[in-house]
Chemist: 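So that we are looking at the same thing, I have put the structure below in structure tokens.
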Amino acid sequence: MSEEAKKEEKSLNFIEEIIEKDLRSGKYESIVTRFPPEPNGYLHIGHASSICLNFGLTRKFPGYTNLRFDDTNPTTEETEYVDSIKEDIQWLGFKWENERYASDYFPRLYEFALQLIKKGLAYVDDSTSEEMAALKGTPTEPGRDSPFRNRTVEENLALFAQMKNGEFPDGSRTLRAKIDMGHINMLMRDPVLYRIKHAHHHRTGNEWCIYPMYDFAHGQSDAIEEVTHSICTMEFVPHRELYDWLIAQLGIYPSHQYEFARRNTNYTVTSKRKLLQLVTEKHVSGWDDPRMPTISGMRRRGYTPESIRDFCDRIGVAKRDNLVDIGLLEFSVREHLNKIAHRRMVVFDPVKLIITNYQEPESGKEFLPAENNPEDGNAGERDIPFGREILIERDDFMENPPKKYFRLAPGQMVRLKSAYIIRCEEVIKDSAGQITELHCSYIPESKSGHDTSGIKTKGTLHWVHAGDAIEVEVREYDRLFRVEDPTDEEGDFKEYLNPDSLNIVKGYAEPSLKTAGINDSFQFLRKGYYKLDRDSTVERLVFNRTVTLKDSWARENKQP
RNA sequence: UGACCCAUGGUGUAAUGGUAACACUACUGAUUUUGGUUCAGUCAUUUAAGGUUCGAAUCCUUAUGGGUCAACCA
């Protein structure tokens, strides 16, 4: 079955079903969605899910998607975040039709407010936030009317103009919708529409000192852009009533809001506040620390856009609470990297191995061709140096091996990947009993690709030529938290940070890695997938471990 | 002690009144010059109890469990 046919066969999620129905019924000929980040932090894996949903919808159905920054709170928003958000979306592989800002609409929004005031549906309230909270009631008790609720339209118009003109200090007054203080939905109890903030805005500068609240900006921006399907997360369900009320009273384009459950992944946090805290308190090196669930962190770690999109696709969209196993993301990235990553050999914890019967050619060593990727016939080969002295992994040798040990042991044979079959003849130790050298013999007829020896080995080891190995730094990452859901635990979430989330080790790499590029991902044979880090210099290469290879041998041996 | 949202294997998602399916994980086994990859197989009476129906994961009722709502945040 073709990729295409497979996709078509896959059942629609509930939002796609709604759209499919709307299109079929003729309600719309094409759709408009939007991705509406607030530029007050970096995008994370949860946003990736939303991006894939919103942009994916208009890939699947006719229409387009806008990028709209929800920048109505000047005190927390910055241009730095705008730039990173745009970069992340593009890196993920999506293109927006229009780049918009809620702040583009401040003049329109102000007009909308005037319109409501004139209809007697909004009023200026002089209450302090404490007073307002006291009159708000609780989920089980109704609220009470503000003493300023019955001002005349003229008075409200005049006061609102003064608010706009900067005649009042921050927090002294608000514009509120006049709905129903006894409403069962607390958001309908005269919600605040505008507040006074004498703050510098990243785009409008000091032009405004009143700013609209989310509820008076989001739906209105949707309407202005004629967004057909405004998709957000479940916590906005109660806002929908207000969303619809405002659109109806304003008589503007009837955008509709649909909600899905935000995606959570285990062993991490995705609240912007918590992520910011990890950054500012230096628990991580920055927003793009490879342990962070941010898109920039995942990019630096070596996750590919394809693998993140695939992950988002696999976890789907629904309305129930969820905690997705991060192992699924790891599966997606292994699957993609297995197809594209070139193979290299790197020894982490070396022990010297001397091939006693090997006659080195005059040049001192022999070059052996090795395939770059067995999964990709077009990936070509590279030549790797082989000689009398090589390095292998210390744990690829055991003096007294258990029954199913396929690696090197006294008297046993293994193949050296892309080279020869060797047999261990002698173990050399220092006075402390530590193994310092392994003396082996090799089978000349067993040369990789020209093997006439007829010998079958169970194990194949990776290795590097001792004289040509280059020292590299490898940063091994583990989950950032020790528990699946840090926010669900007692006390501060930071108490549950995994102290071993970063482990820096030395590696001895085959020389071809010298030419590695900053965006190259490699599979270090029998180890995992690694990507060159931007901290690399000419003298010292630094690799980030994206993810390990599956290791059923290690797993089996962990069982007590 | 109000309103609203949600409930299908360990995890995530399907099944749209008609045989509970797919993916991941885990476990078997085969293949393998990566203990990787690949391939084959195994793992559920759908939170509970009633009801409607020839027939219910699906519709109704109640219960239980989880989540959301009392920011001049989004």
Side-chain angles (χ1 to χ4, degrees), chain A residues 10-13 17 36-38 40 70-73 75-77 125 127-129 132-133 136-143 170-176 183-187 189 191-197 210-211 213-215 217-218 232 234-241 259 261 263 266 272-273 313-332 334-335 338-339 343 345 370-371 374-375 404-407 414-419 421 446 448-449 451 456-462 523-528 548-557:
Chain A
K10 203 180 160 196
S11 57
L12 302 178
N13 66 46
E17 258 172 42
E38 183 188 10
N40 68 346
D70 236 332
D71 56 350
T72 57
N73 186 359
T75 51
T76 57
E77 295 153 5
D125 194 338
S127 306
T128 63
S129 56
M132 226 184 269
K136 189 114 192 191
T138 70
T140 52
E141 303 162 67
D170 286 5
S172 60
R173 272 168 242 253
T174 57
L175 182 75
R176 290 229 259 168
H183 201 108
I184 197 72
N185 181 349
M186 301 224 22
L187 284 155
R189 320 241 263 228
V192 172
L193 266 22
Y194 265 95
R195 77 283 217 190
I196 301 170
K197 270 182 195 255
I210 56 171
Y211 292 92
M213 299 288 290
Y214 166 84
D215 286 305
H218 201 105
C232 61
M234 293 293 285
E235 64 268 32
F236 290 95
V237 169
H239 290 253
R240 190 176 60 230
E241 193 171 10
E259 311 87 8
R263 324 303 317 194
N266 57 10
K272 281 190 202 168
R273 207 196 90 248
D313 209 43
R314 284 170 188 275
I315 62 181
V317 177
K319 299 179 87 154
R320 66 184 95 112
D321 294 335
N322 59 80
L323 188 60
V324 182
D325 192 338
I326 198 68
L328 188 57
L329 210 208
E330 295 180 347
F331 169 82
S332 290
R334 281 191 190 107
E335 185 177 61
N338 178 48
K339 287 196 200 111
R343 314 288 131 124
M345 294 202 280
E371 61 190 345
E375 307 292 320
K404 281 169 78 182
Y405 189 77
F406 300 156
R407 283 112 99 142
V414 294
R415 171 171 291 281
L416 294 175
K417 178 71 183 177
S418 298
I421 292 173
S446 67
S448 188
D451 187 353
K456 290 272 175 255
T457 59
K458 287 293 266 183
T460 300
L461 309 185
H462 63 280
Q523 183 195 105
F524 292 175
L525 231 59
R526 304 209 294 142
K527 288 292 180 184
T548 61
L549 246 34
K550 284 214 300 196
D551 189 347
S552 49
W553 170 246
R555 196 191 306 130
E556 191 173 311
N557 282 274

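Note: hydrogens, waters and symmetry copies are ignored here, and every other heavy atom, side chains too, is used. Source: prediction; values computed, not measured. Chain identifiers are assigned alphabetically (A, B, ...) following the order of the sequence lines, protein sequences preceding nucleic acid strands; residue numbering begins at 1 within each chain.
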Chemist: Enter the distance from A:N338:CG to A:R343:CZ here, rounded to the nearest 0.5 Å.
Modeler: 5.0 Å
Chemist: With rounding to the nearest 0.5 Å, note down the distance linking CG in A:N40 to OG1 in A:T75.
Modeler: 9.5 Å
Chemist: Classify the side chain of A:R314 and the base of B:U13 as holding, or not holding, a donor-acceptor pair under 3.5 Å.
Modeler: no
Chemist: If you compare every side-chain N and O of A:R555 against the phosphate oxygens of B:A26 (OP1, OP2), does one of them come in below 4.0 Å?
Modeler: yes
Chemist: Does OP1 or OP2 of B:C4 have a side-chain N or O of A:R240 closer than 4.0 Å?
Modeler: no
Chemist: Taking the C1' atom in each of B:C69 and B:A57, what is the distance between them to the nearest angstrom?
Modeler: 30 Å
Chemist: Roughly how far apart, to the nearest Å, are B:C59 and B:U52 at atom C1'?
Modeler: 8 Å
Chemist: Taking only N and O in the side chain of A:K458, is any of them less than 4.0 Å away from OP1 or OP2 of B:G35?
Modeler: no
Chemist: Given the rule in the ring pair (Phe, Tyr, Trp, His ring centres under 6.0 Å) test, do A:H218 and A:F236 qualify, once you have shown the distances and angles that lead to the verdict?
Modeler: CA-CA 11 Å; A:H218 201 105; A:F236 290 95; 7.3 Å; no
Chemist: Sticking with atom C1', work out how far B:C22 lies from B:G9, rounded to a whole angstrom.
Modeler: 13 Å
Chemist: Measuring from the side chain of A:I315 (C-beta onward, heavy atoms only), which nucleotide among B:G12, B:U33, B:G36 has the closest atom?
Modeler: B:G12
Chemist: One character per nucleotide, please: for nucleotides 39-44 of chain B, 5' to 3', B when the base has a protein heavy atom closer than 4.0 Å, S when only the sugar-phosphate does, - otherwise.
Modeler: ------
Chemist: Name the residue closer to the 5' end of RNA chain B, choosing between A:N13 and A:L461 according to the nucleotide with the nearest heavy atom.
Modeler: A:N13
Chemist: Can you check the distance between B:U32 and B:U38, where both ends of the measurement are the C1' atom (answer in whole Å)?
Modeler: 9 Å
Chemist: Could you write nucleotides 65-74 of chain B as a row of B, S and -, 5' to 3', where a protein heavy atom under 4.0 Å of any base atom gives B, of only sugar-phosphate atoms gives S, and otherwise -?
Modeler: -SS-SB-BSB
Chemist: Taking B:U46 as the reference, what is the distance to B:C27 when you measure between their C1' atoms (whole Å, please)?
Modeler: 24 Å
Chemist: Among B:U25, B:G2, B:U34, find the nucleotide with the atom closest to the side chain of A:F331.
Modeler: B:U25
Chemist: Can you give the dot-bracket line for RNA chain B, using ( ) for pairs inside the strand, [ ] for pairs that cross earlier ones, | for pairs with another strand and . for unpaired bases, where Watson-Crick and G-U count if both distances are under 3.5 Å?
Modeler: .((((((..((((....[..)))).(((((.......)))))....(((((..]....))))))))))).....
Chemist: So, does A:R320 get its side chain near the phosphate of B:U8, meaning an N or O under 4.0 Å from OP1 or OP2?
Modeler: yes
Chemist: In terms of the nearest nucleotide of RNA chain B, which residue is placed more toward the 5' end: A:K319 or A:K417?
Modeler: A:K319
Chemist: Could you tell me whether the phosphate oxygens of B:G35, OP1 or OP2, come under 4.0 Å of any side-chain nitrogen or oxygen in A:R526?
Modeler: yes
Chemist: How far, in whole Å, is B:U28 from B:G36 if one measures between their P atoms?
Modeler: 13 Å
Chemist: In whole Å, measure the gap between the C1' atoms of B:G65 and B:C54 for me.
Modeler: 34 Å
